[in-house]
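Only heavy atoms go into these numbers, but all of them, side chains included; no hydrogens, no water, no symmetry mates. Below, chain A is the first sequence line, B the second, and so on; all start at residue 1.
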There are 2 protein chains.
Amino acid sequence: MNTEERRASLAREGDESLAEPSTKQELDLNQFLPYRLNSLADRISQALAELYEERYQLNIAQWRVLAWLSHCDELTAKKVCSYTNMDKARVSRAIQALEERGLIRRTPAPEDQRQQDLHLTAAGQALLVKLIPEAQAWEAELVATLTAGEYRDLLNVMRKLERQLERIG
Amino acid sequence: MNTEERRASLAREGDESLAEPSTKQELDLNQFLPYRLNSLADRISQALAELYEERYQLNIAQWRVLAWLSHCDELTAKKVCSYTNMDKARVSRAIQALEERGLIRRTPAPEDQRQQDLHLTAAGQALLVKLIPEAQAWEAELVATLTAGEYRDLLNVMRKLERQLERIG
DNA sequence: CGAGCATAGTTGCTGTTGAAACTATATGTC
DNA sequence: GACATATAGTTTCAACAGCAACTATGCTCG
């Protein structure tokens, strides 16, 4: 896609702009993908966060650690960092909080004393058994208006953008 | 779209999961739209932020205020809040910083002394004349691999999700 | 008018975050 | 084995965001 085509995709009804002389640069944030995407993702994240914040006293970082633990038997803080793209300080604090609440346990890794293996406790598992279906139900409601094709295409486009992001750096 | 179809869209090659007994709930964050979307948007935002952070010493809030000013002749802090969904304290501080740097000017609104009309200074305009094309070029590179159709569909799906978000609350 | 309520914007306070410094363990090289 | 270097995780510190309290102005209705 070239810039012209993109412009056309974005054009609104009341669009009277024809190549303004460059004394004035305009940018409509509502037609600027990074802003729109971030805005949407923020609101989704925020709304969902209330689910685990208000009802389970988990912040986003803690929830992500738990979610990864739900299907990784061998997990360390480092892995969480690379999987979730979160800063290691943030991960470290999330793990601390989860351990203090008795939701996870950590044991020094036998092969490398610097690492700590993370595991769900029974309490942690019990919490996830309740929380995960709620999160999935919420997601289902969010995407309920999309057709299967739209959903698939969305994922495809997201994958493309992710790949392109890595290329751009 | 129903849950079954969505599952199918998400299924990966190595997917051997068939309705596990509920003693263990699993959630793959990589197949969880809110997470994926947030992750993508965050990385895009982060990458773009470097553009105006490192090279123009603008944070995201300040950049958004400037961008809105670039095509709104009449703007107040309140409007920025509602347009951008940012907290009024955040907007207030962004405006303060921009004024101190001489990029914007604010004058008490004649019809209501509580409000302040915001305007770009010449310096602010000059900065945008350089920054906006860079931001647009970056965006163009990001979406360069999408076809026009994919781009249009992405925007459509985003609109749908936004509407659905408001319904869910 | 004036008492109470509403609104635009600011400020104080607190919690969260990320970068960088730090600790402790591991590895590699001589 | 000893010293240099790398790595996992923690802690410190400064920036920032968000809530709530506050100020100042405007509005409403008696």
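- Comparing Thr76(A) and Glu111(B) by the nucleotide of DNA chain D whose heavy atom lies nearest to each, the residue mapping closer to the 5' end is Thr76(A).
- Between Gln96(B) and Arg93(B), the side chains place no donor N or O within less than 3.5 Å of an acceptor N or O (distance only, hydrogens not considered).
- Residues Arg55(A) and Lys130(A) form no side-chain contact, since every pair of their non-hydrogen atoms from C-beta on lies 4.5 Å or further apart.
- Counting to the nearest Å, the P atom of dA24(C) and the CD atom of Gln116(A) are 14 Å from each other.
- Residue whose closest nucleotide on DNA chain C sits further toward the 5' end, between Lys88(A) and Glu53(A): Glu53(A).
- Atom CG of Asp112(B) and atom C1' of dA8(C) are 7 Å apart (whole Å).
- At least one side-chain nitrogen or oxygen of Lys78(A) sits closer than 4.0 Å to the OP1 or OP2 atom of dA8(D).
- Listed by chain and number, the residues in a ring pair (Phe, Tyr, Trp, His ring centres under 6.0 Å) with His119(A) amount to none (sequence neighbours excluded).
- Gln46(A) has its CD atom 11 Å from the C1' atom of dA17(D), to the nearest Å.
- Within 4.0 Å of Ala77(A), counting heavy atoms only, lie sugar-phosphate atoms of the nucleic acid but no base atom.
- Nearest-nucleotide mapping onto DNA chain C: of Asn59(A) and Arg93(B), the residue sitting toward the 5' end is Arg93(B).
- For the pair Ile95(A) CD1 and dG9(D) P, the computed distance is 7 Å after rounding to whole Å.
- Taking atom CD on Gln113(B) and atom P on dT23(D), their separation rounds to 20 Å, with Å as the unit.
- If Arg114(A) and Val91(A) are placed on DNA chain D by their nearest nucleotide, the residue sitting closer to the 5' end is Arg114(A).
- Whole-Å rounding puts the Asp117(A) CG to dT25(C) C1' distance at 15 Å.
- At least one side-chain nitrogen or oxygen of Arg106(B) sits closer than 4.0 Å to the OP1 or OP2 atom of dT10(C).
- Side-chain N/O atoms of Ser92(A) include one lying less than 4.0 angstrom from OP1 or OP2 on dT10(D).
- Between Gln164(B) and the options Arg167(B), Glu162(B), Lys160(B), a side-chain hydrogen bond (donor to acceptor under 3.5 Å, both in side chains) holds for only Arg167(B).
- In this structure, the CD atom of Gln96(A) is 14 Å from the C1' atom of dA8(D), given to the nearest Å.
- Spacing between atom CD1 of Ile104(B) and atom C1' of dG9(C) amounts to 13 Å, rounded to whole angstrom units.
- Looking only at atom types and distance, the side chain of Arg43(B) has no donor-acceptor partner in the side chain of Gln46(B) under 3.5 Å away.
- When the side-chain nitrogen and oxygen atoms of Gln115(B) are compared with OP1 and OP2 of dA24(D), none of them lie within a distance under 4.0 Å.
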